[in-house]
**Student:** 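My structure is below; once you've seen it, I'll send some questions.
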Amino acid sequence: MSSPQRQVAVWDRFVRVFHWSLVASYVVAWFSADSHGLPHEVAGYATLALVAARIVWGFIGSEHARFADFVPGPRRLARYLGAILRGREPRSLGHNPAGAVMIVFLLVMTIAIGVSGWLLTTDWF
């Protein structure tokens, strides 16, 4: 007989609100992309502000929200990817090392998209 599994709250309220606010800003930006008007710009700036706040929270936030807790170094990532290939990857509380790299990539690409969108409103681009 197995014992009941204990639930652990990994993500704090800030991270949960951040995730769904980011989804909302992406949806608004997507559906207002053809208009290039105020809703699209506001959604873009909101997205950049959300990512900036998440980056700050990644250094000062709760234990599992901190980048130091879940973003792996190259060795840890290589060990994890090797374990995946062998079918023996360990369970992770929160993001696994491969997922953490994906999160960093998504944050960087979101910044790149937001900055390039902003540059389209200037004479530089």
Side-chain angles (χ1 to χ4, degrees):
M1 181 176 354
S2 65
S3 62
Q5 291 185 343
R6 196 179 94 207
Q7 288 188 347
V8 177
V10 176
W11 309 119
D12 59 32
R13 182 165 296 174
F14 176 87
V15 173
R16 290 175 191 270
V17 170
F18 162 76
H19 283 159
W20 289 108
S21 298
L22 191 63
V23 168
S25 66
Y26 265 101
V27 168
V28 170
W30 177 269
F31 285 109
S32 63
D34 291 335
S35 69
H36 300 292
L38 187 62
H40 189 76
E41 286 185 36
V42 169
Y45 291 132
T47 299
L48 286 174
L50 285 164
V51 170
R54 178 60 182 99
I55 289 170
V56 169
W57 196 248
F59 292 104
I60 67 169
S62 63
E63 177 187 3
H64 296 300
R66 291 183 187 204
F67 297 130
D69 182 64
F70 70 91
V71 176
R75 274 192 218 138
R76 183 172 159 222
L77 178 61
R79 279 193 311 267
Y80 182 79
L81 294 175
I84 287 176
L85 292 175
R86 292 186 302 278
R88 298 180 179 264
E89 67 274 8
R91 289 183 41 88
S92 300
L93 186 61
H95 294 297
N96 63 44
V101 170
M102 183 216 47
I103 295 301
V104 171
F105 177 77
L106 286 172
L107 291 172
V108 169
M109 294 313 299
T110 299
I111 292 168
I113 291 167
V115 168
S116 67
W118 169 72
L119 285 172
L120 285 171
T121 68
T122 69
D123 291 335
W124 297 351
F125 213 48

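Fair warning: this is a prediction, and the values are worked out from it, not measured in the lab.
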**Student:** Residues two or more places apart in sequence or in another chain: which of them pass side chain to side chain donor-acceptor pair (under 3.5 Å) with His64?
**Tutor:** Asp69
**Student:** For Arg79, give me all partners under side chain to side chain contact (heavy atoms under 4.5 Å, CB included), at least two apart in sequence or on another chain.
**Tutor:**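 Result, side chain to side chain contact (heavy atoms under 4.5 Å, CB included) vs Arg79: Arg75, Arg76.
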**Student:** Where is the tightest heavy-atom contact between Val10 and Gly94, given as atom of each residue plus distance?
**Tutor:** CG1-CA, 3.9 Å
**Student:** Following the transitive rule for hydrophobic clusters with a side-chain heavy-atom cut-off under 4.5 Å over Ile, Leu, Val, Met, Phe, Trp and Tyr, establish whether Leu22 and Phe31 coincide in one cluster.
**Tutor:**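 Unlinked, Leu22 and Phe31 end up in two clusters.
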**Student:** Determine, using the 4.5 Å side-chain heavy-atom cutoff (strictly less than), whether Val15 and Phe70 are members of one ILVMFWY cluster.
**Tutor:** yes
**Student:** Give the table of side-chain donor-acceptor pairs shorter than 3.5 Å for residues 96-110, with sequence neighbours excluded, one pair per line with atom names and distance.
**Tutor:**
residue: Asn96; atom: OD1; partner: Ala98; partner atom: N; Å: 3.0
residue: Asn96; atom: OD1; partner: Gly99; partner atom: N; Å: 2.6
residue: Asn96; atom: ND2; partner: Tyr80; partner atom: OH; Å: 3.2
residue: Thr110; atom: OG1; partner: Tyr26; partner atom: OH; Å: 2.6
residue: Thr110; atom: OG1; partner: Leu106; partner atom: O; Å: 2.7

**Student:** For residues 50-63, tabulate all N or O donor-acceptor pairs below 3.5 Å that involve a side-chain atom, not counting sequence neighbours.
**Tutor:**
residue: Arg54; atom: NH1; partner: Ala65; partner atom: O; Å: 3.1
residue: Arg54; atom: NH2; partner: Ala65; partner atom: O; Å: 3.0
residue: Trp57; atom: NE1; partner: Asp12; partner atom: OD2; Å: 2.9
residue: Ser62; atom: OG; partner: Asp12; partner atom: OD2; Å: 2.4

**Student:** Could you report the tightest heavy-atom contact between Pro39 and Val28, atom names first, then the distance?
**Tutor:**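 For Pro39 and Val28, the tightest heavy-atom pair comes out as O-CG1, 3.8 Å.
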**Student:** Only counting residues at least two apart or in another chain, list the ones meeting side chain to side chain donor-acceptor pair (under 3.5 Å) with Ser21.
**Tutor:** none
**Student:** Quick one: are Thr121 and Trp118 in side-chain contact, heavy atoms under 4.5 Å?
**Tutor:**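 Side chain of Thr121 against side chain of Trp118, heavy atoms only: contact under 4.5 Å found.
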**Student:** Spell out, yes or no, whether Val27 and Val42 are grouped together once hydrophobic residues are joined by side-chain heavy atoms under 4.5 Å, including indirect joins.
**Tutor:**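 Different hydrophobic clusters.
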**Student:** Taking side-chain hydrogen bond (donor to acceptor under 3.5 Å, both in side chains) as the cut-off, I'd like each qualifying pair that reaches into residues 86-95, sequence neighbours left out, listed once.
**Tutor:** none
**Student:** Grouping I, L, V, M, F, W and Y whenever their side-chain heavy atoms are under 4.5 Å apart, do Val115 and Tyr45 come out in a common cluster?
**Tutor:**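 Looking at the clustering, Tyr45 is in the same group as Val115.
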**Student:** Check Pro90 against Ala83 and note the closest heavy-atom contact, atom names and distance.
**Tutor:** CD-CB, 4.3 Å
